[in-house]
There are 2 protein chains.
Amino acid sequence: MTGTPSIVNTEELHESPTLALRTFDSIKSDIINGELAQGSKIVESDLALKYGISRGPLREAIHRLERIKLIVRIPHAGSRVITLDTRMMEDIYNARESLEGMAARLAARLMSDAEIESLSKLLDQHAAAISETDGKAYFQREGDIDFHYRIAVASQNQWILEKLNGELYQLIRMCRHQSGQFPSRAQTALEQHRQIAAAIARRDEELAEILMRRHISGAWEIVKTILEDQYD
Amino acid sequence: MTGTPSIVNTEELHESPTLALRTFDSIKSDIINGELAQGSKIVESDLALKYGISRGPLREAIHRLERIKLIVRIPHAGSRVITLDTRMMEDIYNARESLEGMAARLAARLMSDAEIESLSKLLDQHAAAISETDGKAYFQREGDIDFHYRIAVASQNQWILEKLNGELYQLIRMCRHQSGQFPSRAQTALEQHRQIAAAIARRDEELAEILMRRHISGAWEIVKTILEDQYD
DNA sequence: ATTAAATATATTGTTGACAATATTGATTAA
DNA sequence: TTAATCAATATTGTCAACAATATATTTAAT
């Protein structure tokens with residue numbers, strides 16, 4: 001249980017110092033959890049009332065949500081909650097594949113021995129969690145994100161980390177939530193994670209990148225069929 | 001001259017319908033051109049006065065600039081123009097390498113024959129421009145960006161296109177401007193562009209990606225030495 | 001003289017009112 | 001009945017004043 005803590009909702013840990021940021025977090029959760037339905041219209045005065053603030057900071061919150069693609073905005077015409085579709089998710093997964101591939105490469109180059117050790121321990125925990133709570137897909141999924149987040153941090157590339165953690169993972173969480181949990185795949189994923197970690201430990205940049213990309217494009221294949229069944 | 005037009009300053013072409021967006025464009029230019037110095041403090045009331053608007057829309061403009069990393073912002077403490085350093089540019093180029101590599105792969109898969117033809121014509125123009133205006137580094141550089149922009153568009157990946165065009169290219173332009181033009185390298189770059197275009201025409205996704213990544217990491221090696229001479 | 005506390009100033013965060021634009025519904029002409 | 005025009009309404013954009021927070025300055029104590 002030591003080492004880097006889980007980063008589920010890192011953003012909400014220390015109360016934001018500003019109304020706009022707190023409201024941003026609230027609305028973000030509400031969108032990801034589906035309490036604000038996909039495609040629904042956002043009316044500033046209504047939301048301001050609902051969250052008990054004035055339109056100023058609410059506007060800032062909306063802009064931030066637009067930034068991470070949870071809301072679509074058109075000047076003078078208002079904003080709507082995003083509508084996830086297969087095409088957009090494909091974009092997300094392709095971007096993720098290339099970015100995380102690079103992150104894995106950089107991690108293999110830059111990760112300290114202590115970090116590598118800690119990463120290995122994390123995977124042991126996951127293995128334990130899988131055999132115990134066989135079926136608790138939620139924890140497995142957040143465990144999965146933990147692994148990927150560690151790689152992103154270890155890459156020491158701020159830009160990539162920010163895009164993955166601030167944007168892409170949010171959209172994937174939302175998609176997962178609204179598609180009623182993807183099938184577990186926990187065992188397969190864990191094995192792949194172990195291989196990636198091993199490549200990093202060997203400082204094999206090339207292999208780490210390839211395995212990470214294969215891991216993600218494999219995940220996409222699964223998600224894709226689910227989405228196609230759902231929407232088409 | 002037909003086909004996709006040059007996209008230098010696309011954003012400014014049709015006057016934005018809102019004060020905030022117009023001001024965003026103005027400040028963006030001023031930062032990229034160095035009229036607002038790196039690291040300088042941004043005081044909202046001062047800038048509002050300077051650009052002749054109130055603090056409301058100015059604030060929105062600042063948030064947008066924060067979004068594309070031209071401004072750094074700390075709650076309650078204000079904002080400053082970003083300070084480019086070698087480390088940040090390395091992050092940018094690494095992200096760019098992976099994203100554009102993926103874009104080239106997707107382009108090889110999705111580009112229409114007409115687009116491929118048009119891309120080839122673009123490179124002919126560049127060849128002509130190089131032999132004529134041998135030394136006019138500015139046009140060569142914008143030509144370079146044109147090429148990369150076309151690949152990004154052809155990838156049909158909105159997320160990648162947006163990040164490249166809206167964020168990474170801006171920072172690279174700024175870096176280039178403030179480093180007093182990088183050495184031309186025009187001939188080498190053109191040859192590499194031709195190889196990439198050829199791979200795309202052959203629908204060789206693998207090769208297109210590899211060549212694009214090599215092209216960009218090569219560019220970074222050059223930029224890196226320049227920056228290190230400059231800052232260290 | 002140096003540090004700490006307290007005060008004053010500057011700057012950002014928030015609010016409610018007003019202006020500009022878009023959307024909706026009603027009215028009229030074909 | 002349908003299409004087009006106009007008025008009415010709703011919604012976003014902009015502004016200026018006020019509140020909360022941080023920064024700078026002064027004062028007091030050691």
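Proteins come first, then strands; the chains are lettered A, B, ... in the order of their sequence lines, and each starts at number 1.
- Atom CG in B:Leu21 sits about 16 Å away from atom P in D:dT12, given to the nearest Å.
- Across the protein-nucleic acid pair, B:Arg22 atom CZ and D:dT14 atom C1' stand 12 Å apart, rounded to whole Å.
- With hydrogens and angles ignored, the 3.5 Å screen pairs no side-chain donor or acceptor of A:Asp30 with any backbone N or O of A:Glu35.
- Between B:Phe24 atom CZ and D:dG13 atom C1' the separation is 18 Å, expressed in whole Å.
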For this session: Applying side chain to side chain donor-acceptor pair (under 3.5 Å), run through A:His193 and A:Asp144 and close with a yes or a no.
Result: CA-CA 9 Å; A:His193 289 176; A:Asp144 179 80; 3.1 Å; yes

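- The NZ atom of B:Lys28 sits 12.5 Å away from atom OG1 of B:Thr23, with the distance rounded to the nearest 0.5 Å.
- In this structure A:Trp159 satisfies the side chain to side chain donor-acceptor pair (under 3.5 Å) test together with B:Glu167, sequence neighbours excluded.
- A donor atom on one side chain and an acceptor atom on the other are not found under 3.5 Å apart for A:Arg105 and A:Ser155.
- Rounded to a whole Å, the CG atom of B:Leu58 is 16 Å from the C1' atom of C:dT14.
- Looking only at side-chain heavy atoms (C-beta outward), B:Met102 and A:Arg213 come within less than 4.5 Å of each other.
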Collect all protein-nucleotide pairs involving nucleotides 8-13 of chain C in which both atoms are nitrogen or oxygen and the distance is under 3.5 Å.
residue	atom	partner	partner atom	Å
C:dT12	OP1	B:Ile42	O	3.1
C:dT12	OP2	B:Glu44	N	3.2
C:dT12	O3'	B:His76	N	3.4
C:dG13	OP1	B:His76	N	3.1
C:dG13	OP2	B:Arg59	NH2	2.0
C:dG13	OP2	B:Arg73	NH2	2.8
C:dG13	O5'	B:Arg59	NH2	3.0
C:dG13	O3'	A:Thr18	OG1	3.4
C:dG13	N7	B:Arg55	NH2	2.8
C:dG13	O6	B:Arg55	NH1	2.8

